[in-house]
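Written out below as structure tokens is the structure these notes cover.
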Amino acid sequence: MKKSFNLKAEYLSDEMMMIISDLETHCSNLSLAEDKGIGAIEKRLDALQEKIVAWDSDQSMIWDRDPEEASEYLNVVDEVRQVVESLGSLHAKVRDDECNELVRRAHSSLQMAMARLEEEFVHLLVQYQQPVEPDHVSFRSTEDDPVDDFSCSSFDEEPIIGKIRSEISLHSEEFVIDLVHPTAVFDLKCIAAMMLMSGYDKECCQAYINVRKEALDECLLFLRIEKWSIEEVLQMDWSLLNSKIKRWNRAMKVFIRVYLNSERRLCDLVLGDHSLSVRDSCFVETTKGAIFQMLNFGEAVSIGSPKPEKLFRVLDMYEGLSHLIPDVESLFSEELGFSILTECQEVLSRLGECIRLILTEFKNAIRSNTSTNAFAGGGIHPLTKYVMNYIKALADYSETLDLLLEDQDDNDLSESSKAILGSLEKSTPVVHYLLSITSIVESNLEGRSMLYRDGALQHIFLMNNIFYMVQKVKDSELQKFLGEEWIKEHSKSYRHHSISYERASWNPVLLFLKDEGICNPGSNSPSKTVLKERFKNFNLIFEEVYKSQTSWVIPNSQLRVELRISISLKVLQAYRTFMGRYSSHLDSVRQKDKYIKYSPDDLEEFLLDLFEGSAKSLHSFRRR
């Protein structure tokens, strides 16, 4: 059964002083050992040795019995220690066989006692080890979040937009927990102090290191951090690697700010009577294996292929580690913790280089994403959606990216982007990068627009995509970086394409509603033949436009309505005017409805079908 302790950790130093004082009083007569001679020392050693052997023959743990027995055992061990010291002083003056034998027996007894103390020390460390999961750190509840980032590996797949950054801000407080039950800490400290005074500090430290290393391994198991080799990480598919990185980001913070902080406190409490350098050394040896295991994964990720879908996870790793390095520096001394601190900085540097490579690869991926087929309907291309959502999320990491993005050239900037950059009050590396991305996307879209044979559809495609870009900038933090001038220029651009579409698509239709050429030469009377041809050709071209443009798409409802209204104002006004002026001249024509097939109200209704992405035909239309 585990015994109950009434001693509290905050009184450790005072209690230790009382124990030492009691031991000194109890064994004060040994200071007179030299005066009393070999006989008295031998007699005392016989009694102590008998007790040590008796305790050692009992396999049950001393510290599991009565607390007074544990205290008595420490008293006896301390007496043996003082006998060894007294004999050492005496042996320096009297060198004979009898004295040599006593010295050998005393050291043998002390060694036996130290071995037992080490065993008891390990037993207490293991028996009173606390469960690794602190009640106030709810790690498991968030480790299996659904994928909510740019995990798709193709521009043809629209990313799922949600919270991009891993929840590394959770549990931001630093928690110190009891890794060993407080009731056992005083006894551990007493045993460690006795082993130190007896010259067995190395054995004590090694025993402590061995037990606590295993405990930290259990901590990693709780955090579900496996031992992956670099080769295994490099061979993981993205779905698996993505989940591992998310888990690493959370685990790293819990590991350093909770477990390492708590491990440092425990080390200082238990080994408090050892020198600071010894405590630092024990702490380093206890923790470096687990730390290197964590950092090894970060290194493996950093040397993997620089795929764009990895960027936000690697940014989370970089920011997380960057924020934790001050914590690591506070835990380890600069001298003894040099290897750990150096490895942290090197992994951080590799992650930073990985981010730069991914950002460069992202540009190249946009440039090389070409096609020989036009995007159906002229809607918003998946490339535009992916890139704009990507850089929208990128803006959240602006402070980090400003540190990593330097010495960018202007080769990727369009002339308008260069002008916008020059107009900004403050130009940062992130602004430069975002402008270069939008320039590359616009160039890509220009190239894709040329795949449409219909010039009007080229303008619809560019209008849709540039409008989408503008809305994304206006409705996000991108507005702060790209500025009002960018929004103004690109708003002007999509309106230009809207006007160009109307001209390319509807000017040919409106030509048939012009007055020019209606009358016969030398006459003011309209030619019925010409009028029939005008109405007939208007019907044909309107039906062609209707059939094709009902299959075109304008995803934004506001933009769609605005364009329909603009078309209606031009077409309906011209049609009503033309009909009012000339329809009566066809009253005497047989099958008048064959030529004047549609009323203005019919046309107005037909125009509401445009840009819905579903092709329709008027060939079977019957006028009501």
Side-chain angles (χ1 to χ4, degrees), residues 373-380 448-465 496-518 527-556 559-583 586 589 591-624:
N373 299 315
F375 184 62
I380 303 166
R448 289 179 183 277
S449 71
M450 303 307 295
L451 298 173
Y452 296 103
R453 295 180 181 179
D454 191 325
L457 187 51
Q458 292 178 9
H459 292 296
I460 287 290
F461 175 75
L462 290 171
M463 177 193 71
N464 277 327
N465 283 271
H496 164 75
H497 287 295
S498 175
I499 294 170
S500 297
Y501 150 77
E502 289 189 47
R503 289 172 178 169
S505 190
W506 294 102
N507 280 2
V509 176
L510 296 176
L511 281 175
F512 294 104
L513 303 178
K514 298 287 186 181
D515 291 333
E516 290 82 356
I518 293 293
S527 168
K528 292 182 181 180
T529 302
V530 174
L531 283 174
K532 286 192 292 184
E533 284 299 314
R534 288 288 188 93
F535 277 107
K536 181 180 178 180
N537 289 332
F538 173 84
N539 295 336
L540 288 174
I541 195 170
F542 184 88
E543 288 166 2
E544 289 176 6
V545 169
Y546 178 87
K547 182 178 180 180
S548 62
Q549 295 193 18
T550 51
S551 67
W552 297 359
V553 62
I554 298 179
N556 184 271
L559 187 61
R560 186 169 62 246
V561 168
E562 288 178 357
L563 192 55
R564 283 173 180 167
I565 292 173
S566 180
I567 296 168
S568 297
L569 290 173
K570 292 180 177 65
V571 175
L572 294 181
Q573 182 178 351
Y575 190 69
R576 284 192 177 98
T577 301
F578 194 80
M579 276 192 65
R581 188 171 295 163
Y582 300 113
S583 62
L586 297 180
V589 175
Q591 297 180 315
K592 178 181 178 181
D593 289 346
K594 178 180 178 181
Y595 302 102
I596 305 178
K597 293 174 63 175
Y598 309 115
S599 69
D601 290 342
D602 291 333
L603 295 184
E604 185 174 15
E605 187 174 340
F606 296 152
L607 291 175
L608 295 177
D609 294 334
L610 300 184
F611 316 125
E612 293 288 349
S614 178
K616 295 181 180 180
S617 174
L618 294 176
H619 288 165
S620 59
F621 174 78
R622 294 273 188 238
R623 186 173 179 182
R624 295 184 294 273

All N/O donor-acceptor pairs, side-chain side in residues 506-514, below 3.5 Å, sequence neighbours left out:
residue: W506; atom: NE1; partner: Y501; partner atom: OH; Å: 3.1

Quiz item: Looking at G378 and L457, what are the two nearest heavy atoms and their distance?
Solution: CA-CD1, 3.9 Å
Exercise. Measure the spacing between CD1 of I596 and CG of L586 and express it to the nearest 0.5 Å.
Key: 5.0 Å
Quiz prompt | Within 6.0 angstrom of R576 CZ, more than 12 heavy atoms from elsewhere | solution = yes
Self-check item: Separation of F611 CZ from I460 CD1 (nearest 0.5 Å)
Solution: 4.5 Å
Quiz item: Hey, does the side chain of Y582 reach the backbone of K528 with a donor-acceptor pair shorter than 3.5 angstrom?
Solution: no
Quiz prompt | Considering all heavy atoms, the nearest I554-R560 contact | solution = O-NH1, 2.6 Å
Quiz item: Under 6.0 Å from the CD atom of Q573, do we count more than 12 heavy atoms belonging to anything else shown?
Solution: no
Practice problem: Check whether any side-chain heavy atom of F461 sits under 4.5 Å from a side-chain heavy atom of D454, and report yes or no. | Solution: no
Quiz item: If only atom types and distance count, is the side chain of T550 paired as donor or acceptor with the main-chain N or O of Y546 below 3.5 Å?
Solution: yes
Exercise. For K616, check salt bridge (Lys or Arg N to Asp or Glu O under 4.0 Å) against everything at least two apart and list the hits.
Key: D609
Quiz item: How far does CG of L569 sit from CD of E502, to the nearest 0.5 angstrom?
Solution: 9.0 Å
Exercise. Determine whether R503 and H459 make a side-chain contact, defined as any pair of heavy atoms from C-beta on separated by less than 4.5 Å.
Key: no
Quiz prompt | Non-hydrogen side-chain atoms of L618 and K597 separated by less than 4.5 Å | solution = no
Quiz item: Side chains of R448 and N465: closer than 4.5 Å at any heavy-atom pair?
Solution: no
Quiz item: Just by modelled atom types, is the V545 backbone N or O under 3.5 Å from a matching donor or acceptor in the S548 side chain?
Solution: yes
Quiz item: Under the ring-ring contact (aromatic ring centres under 6.0 Å, His included) test, which residues partner Y575, sequence neighbours left out?
Solution: F538
Quiz item: How long is the span from the CZ atom in R534 to the OG1 atom in T529, to the nearest 0.5 Å?
Solution: 12.5 Å
Practice problem: List for me each residue that meets salt bridge (Lys or Arg N to Asp or Glu O under 4.0 Å) alongside K594, sequence neighbours excluded, and say none if there are none. | Solution: none
Quiz item: Between K592 and S583, what is the shortest heavy-atom contact and its length?
Solution: NZ-O, 3.3 Å
Exercise. Check salt bridge (Lys or Arg N to Asp or Glu O under 4.0 Å) between R564 and all other residues, then give those that pass, not counting sequence neighbours.
Key: E612
Quiz item: Atom OG of S568 and atom CD of E605: how far apart are they, to the nearest 0.5 Å?
Solution: 12.0 Å
Quiz item: Judged by atom type as modelled, is there a donor-acceptor pair below 3.5 Å linking the side chain of N556 to the main-chain atoms of N464?
Solution: no
Quiz prompt | Atom pair CG (L608) and CG (L603), whose distance is rounded to the nearest 0.5 Å | solution = 11.0 Å
Exercise. With sequence neighbours left out, write down each residue that passes salt bridge (Lys or Arg N to Asp or Glu O under 4.0 Å) with R581, or none if nothing qualifies.
Key: D515
Exercise. On the 0 to 90° scale, with breaks at 30° and 60°, tag the F606-Y598 ring pair as parallel, tilted or perpendicular.
Key: perpendicular
